[in-house]
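Encoded as structure tokens, the structure appears first; notes follow it.
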Number of protein chains: 2
Amino acid sequence: MEKKIKPCTENEEILKQRFLALRDTLDLLNGKWRFCILLNLHYYEKLRFKDFFEVSEGISPKVLSSELTTLEAHQLIKKKLEHTPTQDITYYMLTEHAGEIWTVLNTLIEFGLSNRKEVIKSLSD
Amino acid sequence: MEKKIKPCTENEEILKQRFLALRDTLDLLNGKWRFCILLNLHYYEKLRFKDFFEVSEGISPKVLSSELTTLEAHQLIKKKLEHTPTQDITYYMLTEHAGEIWTVLNTLIEFGLSNRKEVIKSLSD
DNA sequence: CATCTTACTTTCCTGGAGGTTACTAAACAC
DNA sequence: GTGTTTAGTAACCTCCAGGAAAGTAAGATG
């Protein structure tokens, strides 16, 4: 490239780190069901395995299982056993760490909402 | 479902809208190259078609072309013709609207960075 | 002890995102 | 007028996320 592309001031190593960080976050939120599970857990506080089939209509047990495993591995959700006289029930809940991702999701939602307004506006032009 | 899942206060219709908004935003940022293109445009201000092959190593012309088209359709980037005495050059640039997505990307990056620290910390335990 | 529910796992399959390569059309360079 | 660069498009292929359906194991229920 004979004619260098003009870079802005930011240091290249930092830029690279930021690329990776963004990649990480998107990988974490991508997929059809992940964020859906997180939003529902935020909304309902705790859910059992079977509950997800009601609140996330269309998800299959295989996919649910693997998504829950992934989210747990990333410490965004956790299992909690509740002991009743007759049986133990496994619930899924958000972790404290998920509080952070909640602010992230809100940012994405706000953008989505304002973007939708934008699109509707530009369609009416 | 005999035993209703306990909902929090938020109205269901609003929740649904927020789901859709989040879906929209993630769809917009997903994919292997989209955000990469946006970050590079932010960094370099303007890029030609061929430039992307240097800054986004590994992207193919087919994919680049389709990603640029999508981003343009969503009004995050725009083409700009620059006239020199000898020829016209097509540049791609961010739109004003992309300013908003820039704050979104920053939020995602910040989460990714702090999350990475978190992971490193928990590995050392 | 037979059946139901819950919480999964296993196997198999498909659509589509993204890669590879080659092609084209226009402008420029020599 | 022959090669080179730019800005794509077209045809084809591959891999894997996610879906469908069935199976399993453990406890509750009757």
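Proteins get letters first, then strands, A, B, ... in listed order; numbering begins at 1 in each.
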Rounded distance (Å) that lies between atom C1' of dA17(C) and atom CG of L26(A): 16 Å
Selection: residues 71-81 of chain A, any non-hydrogen atom under 4.0 Å of DNA chain D: none
CG-CD1 distance between N115(B) and I109(B), expressed to the nearest 0.5 angstrom: 14.0 Å
Residues from residues 58-68 of chain A lying under 4.0 Å of DNA chain C - heavy atoms: P61(A), K62(A), S65(A)
With K32(B) via side-chain contact (heavy atoms from CB on, under 4.5 Å) - residues at least two apart: none
Of the listed nucleotides dA7(C), dA7(D), dG8(D), the one nearest the side chain of Y92(B): dG8(D)
Under 3.5 Å donor-acceptor pairs involving side-chain atoms of residues 62-71 of chain A, not counting sequence neighbours:
unit_1, atom_1, unit_2, atom_2, d
S66(A), OG, V63(A), O, 3.2
E67(A), OE1, R34(A), NH1, 3.1
T69(A), OG1, S65(A), O, 2.7
T70(A), OG1, S66(A), O, 2.8

Which nucleotide in dG8(D), dA7(D), dG18(C) has an atom nearest any side-chain atom of K32(B): dG18(C)
Partner set under side-chain hydrogen bond (donor to acceptor under 3.5 Å, both in side chains) for E13(A), not counting sequence neighbours: Q17(A)
Atom pair distance, as rounded to whole Å: CG in D88(B) and P in dA25(C): 21 Å
N40(A): side-chain contact (heavy atoms from CB on, under 4.5 Å) partners, not counting sequence neighbours: C36(A), Y44(A), L47(A), V55(A), S56(A), F19(B)
Inter- and intrachain pairs under salt bridge (Lys or Arg N to Asp or Glu O under 4.0 Å), touching residues 86-112 of chain A, at least two apart: K78(A)-E96(A), E110(A)-R18(B)
Atom-pair distance (CD on E54(A); P on dA7(C)), nearest Å: 11 Å
Residue whose closest nucleotide on DNA chain D lies nearer the 5' end, P85(A) versus G31(A): G31(A)
For atom CG of L47(B) and atom C1' of dT6(D), their distance in whole Å: 15 Å
Whole-Å gap separating P (dA7(D)) and CZ (F53(B)): 9 Å
Salt bridge (charged side-chain N to carboxylate O under 4.0 Å, His left out) partners of R48(B), counting only residues at least two apart: none
Side-chain N or O of R48(A) closer than 4.0 Å to phosphate OP1/OP2 of dA7(C): yes
Shortest non-hydrogen contact between I77(A) and L41(A), atoms and distance: CG2-CD1, 3.5 Å
Bend angle of the helix from dC1(C)-dG30(D) to dC30(C)-dG1(D), from helix axes over five pairs at each end, nearest 10°: 0°
side-chain N/O W33(A) vs dG19(D) OP1/OP2, d < 4.0 Å: yes
Rounded interatomic separation in angstrom, taking CD1 from I89(B) and P from dT5(D): 16 Å
For Q75(A), side-chain contact (heavy atoms from CB on, under 4.5 Å) partners two or more places apart: S122(B)
Transitive ILVMFWY cluster of Y91(B), excluding itself - 4.5 Å side-chain cut-off: I89(B)
Distance below 4.0 Å between K50(A) side-chain N/O and dA7(C) OP1 or OP2: no
Residue pairs passing the ring pair (Phe, Tyr, Trp, His ring centres under 6.0 Å) test where at least one lies in residues 48-77 of chain B, sequence neighbours excluded: F49(B)-F53(B)
Whole angstrom value for the distance that separates C1' of dT6(D) from CD of E82(B): 16 Å
Value in whole Å for how far the P atom of dC8(C) lies from OH of Y91(A): 14 Å
Linked, directly or transitively: W33(B) and W102(B) (ILVMFWY side chains, under 4.5 Å): yes
